[in-house]
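Below, each value reflects all heavy atoms present in this structure, side chains not excepted, and no hydrogens, waters or symmetry copies. Start at 1 and go down the list; that is how both ligands and their atoms are numbered.
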Amino acid sequence: MKYIITGGYKIDGKISVDCAKNAYLPILAGSIMCNGEILLHKCPKFSDVENMCSILKTLGLKLKSEGDTLVIDGSNAKPNFVPVETAKLLRSSIFTMGAMLARFRRARLAYPGGCDIGLRPINLHLKGLRAMGVKITENHGILNCDASNLHGGRVVLDFPSVGATENLMMCATLGHEHTTILNVAREPEIVDLANFLNSCGAKISGAGTSTIEIEGVEKLGGTEYTPIGDRIIAGTYLIAAAITGGRIEVSGCNPQFFASLIDKLQYSGCVLTVKDDKIYLRSPKILKSVGFVETATYPGFPTDLQAQILTMLTVSRGCSVVQENLFESRYKFVPELIKMGANVITRERTAIIEGVPYLSGAEVYAKDLRGGASLVLAGLNAHGYTTVHDIMHIERGYCDLDKALSSLGACVKKVD
Ligand code: EPZ
């Protein structure tokens, strides 16, 4: 499947974003620990979510859809083995580890997959779980975990890893011990996972700060929950308006969650107004370079918006520098942008961009989720036709991106 984009149409309209992929996925993993019925509303149709649901079914959970609500019954969950070919489809399969260890005190799973944006090790997950008393052996890419001696205490993360924070937090949720995890990630999606678990009866405090405290509880019941809006999709739409000289109103996500992007867009000459969960952007005739963008853990500039803003900078007047501090190989989309006339040089984790007046349409290939979405943004700006191939990467985290952008005035067609 591919997208065929006719460039030159201004984005002009209103859109509400889906629930956040990176909130929904750990919350789905968390449902493994719950004994009661869970109603998860506004389930987004991302392929990563579909794959996570198939993992839950492998673990014996019963799932059914009622409209856009996912009804989950985990009463018959079992610590079954998740086949390698399923586990390697997504990074989030690793989140089932903490949840299974909490509920069953054992787990057997393969190494996770995920976007090819770097090595994606899980050493921080394993180090933290071992510090909590989990015995983990690794053979032929399979992790065998025994948490019969799971205990509380203080665990320090060497780096505020989002996934490791979520895994350790879930592992400590059930039991009779108190666990303190230090140097944790502070992303809004972590707060959302903690809020979800607390609504099921967990006792988690401090999420959103760099220290999380967990009081183990006997068991978790059911709940009804709506995860937060997707700040990365919201940011992608704002940049779509900016790169086409258009205007947009994005709703459904707390603008506070992407304040760092708002700051950069204002610096580029866009006019943004924020009201409740709505953000309105009007683009200038000509975008200005924003100087230096460096990705960081929350609340710094999100790595998941790095490709999108870099793409915008290729048609912003002046020179900009982007520094990708989170992942070692997150510029795979740049050679595709260069095919479209972008003037970018990358060295290791640094990209230097000299803005050009506009891009030109070309045949380009998505290599990962956010880089792929950025090629679509480039196509919106480009003169002529752009074909973005291998859009399965994009569909992992964007639902019907073609329809969404076409509803905003763009011309994007999905074809075989
Ligand atoms: C989560 O990935 C997100 N995925 C990523 O979104 C996001 O880019 C990332 O957090 C950073 O915000 C989901 O939530 C499903 P990390 P995760 O552990 O948990 C290194 C997207 O496009 N690290 O915070 O894998 C790692 O290599 C995806 O939606 C270790 O060294 O990110 C990276 O350099 C892409 N050892 C850095 O930490 C570990 O054990 C940040 O990774 C774990 C991570």
Side-chain angles (χ1 to χ4, degrees), residues 17-30 44 46-49 51-52 55 87 89-98 111-131 136 138 143 155-170 183-193 210 227-228 230-236 257-258 260-261 295-308 323-330 332-333 348-349 366-374 393-399:
V17 296
D18 291 309
C19 275
K21 167 179 85 79
N22 293 347
Y24 232 94
L25 292 169
I27 285 173
L28 285 170
F46 306 138
S47 58
D48 266 13
V49 170
N51 289 326
M52 193 64 169
I55 289 176
L89 287 175
L90 68 168
R91 177 75 178 173
S92 312
S93 57
I94 194 69
F95 298 155
T96 60
M97 189 179 194
Y111 265 73
C115 276
D116 183 11
I117 52 179
L119 293 171
R120 312 299 297 272
I122 58 170
N123 60 310
L124 299 176
H125 297 244
L126 304 184
K127 180 169 184 271
L129 291 170
R130 284 177 170 129
I136 303 171
E138 303 166 62
L143 299 156
V155 182
V156 186
L157 278 175
D158 296 341
F159 176 83
S161 148
V162 169
T165 299
E166 292 164 338
N167 236 341
L168 300 185
M169 183 167 78
M170 287 194 273
N183 194 28
V184 295
R186 296 178 285 165
E187 273 68 2
E189 293 76 19
I190 289 168
V191 178
D192 209 28
L193 174 61
S210 55
I228 56 173
D230 195 311
R231 60 195 170 105
I232 305 304
I233 294 179
T236 305
F257 292 164
F258 46 94
S260 53
L261 172 68
T295 63
T297 55
Y298 190 85
F301 193 90
T303 176
D304 293 348
L305 283 170
Q306 175 262 103
Q308 296 91 319
Q323 179 73 12
E324 171 52 63
N325 291 320
L326 274 295
F327 291 101
E328 60 271 34
S329 172
R330 204 159 196 179
K332 289 203 171 83
F333 65 102
E348 307 281 321
R349 292 179 180 232
K367 311 286 184 198
D368 57 65
L369 166 55
R370 306 302 174 183
S374 303
H393 292 290
I394 303 171
E395 294 183 324
R396 294 186 48 193
Y398 292 85
C399 171

S.K.: Going by side chain to side chain donor-acceptor pair (under 3.5 Å), Thr295 matches just one of Gln306, Glu324, Arg330. Which one?
M.R.: Glu324

S.K.: Which residues satisfy the salt bridge (Lys or Arg N to Asp or Glu O under 4.0 Å) test with Arg396, sequence neighbours excluded?
M.R.: Asp48

S.K.: Grab the two heavy atoms, one from Pro227 and one from Cys19, that are nearest each other, plus how far apart they are.
M.R.: O-SG, 3.2 Å

S.K.: Sequence neighbours left out, what passes side chain to side chain donor-acceptor pair (under 3.5 Å) with His393? Give chain and number order.
M.R.: none

S.K.: Taking all atoms of both residues into account, what is the closest heavy-atom pair of Pro299 and Arg186, and its distance?
M.R.: CD-NH2, 3.6 Å

S.K.: Which pairs of nitrogen or oxygen atoms, taken one from ligand 1 and one from the protein, are under 3.5 angstrom apart?
M.R.:
from     : atom 1 : to     : atom 2 : distance (Å)
ligand 1 : 6 (O)  : Asn22  : ND2    : 3.2
ligand 1 : 6 (O)  : Asp304 : OD2    : 3.0
ligand 1 : 8 (O)  : Asp304 : OD1    : 2.6
ligand 1 : 8 (O)  : Asp304 : OD2    : 3.4
ligand 1 : 18 (O) : Ser161 : OG     : 2.7
ligand 1 : 19 (O) : Gly163 : N      : 2.9
ligand 1 : 22 (O) : Arg330 : NH2    : 3.4
ligand 1 : 22 (O) : Arg370 : NE     : 2.9
ligand 1 : 24 (O) : Val162 : N      : 2.8
ligand 1 : 25 (O) : Arg91  : NE     : 2.8
ligand 1 : 25 (O) : Arg120 : NH2    : 3.2
ligand 1 : 29 (O) : Lys21  : NZ     : 2.9
ligand 1 : 29 (O) : Asn22  : ND2    : 3.0
ligand 1 : 29 (O) : Arg370 : NH2    : 2.8
ligand 1 : 34 (O) : Leu326 : O      : 2.4
ligand 1 : 36 (N) : Asn123 : OD1    : 2.7
ligand 1 : 40 (O) : Pro121 : O      : 3.3
ligand 1 : 40 (O) : Asn123 : N      : 3.1
ligand 1 : 40 (O) : Asn123 : OD1    : 3.4
ligand 1 : 40 (O) : Leu124 : N      : 2.7

S.K.: Would you please name every residue forming a side chain to side chain contact (heavy atoms under 4.5 Å, CB included) with Leu124, sequence neighbours left out?
M.R.: Leu157, Asp158, Phe159, Ser161, Ala164

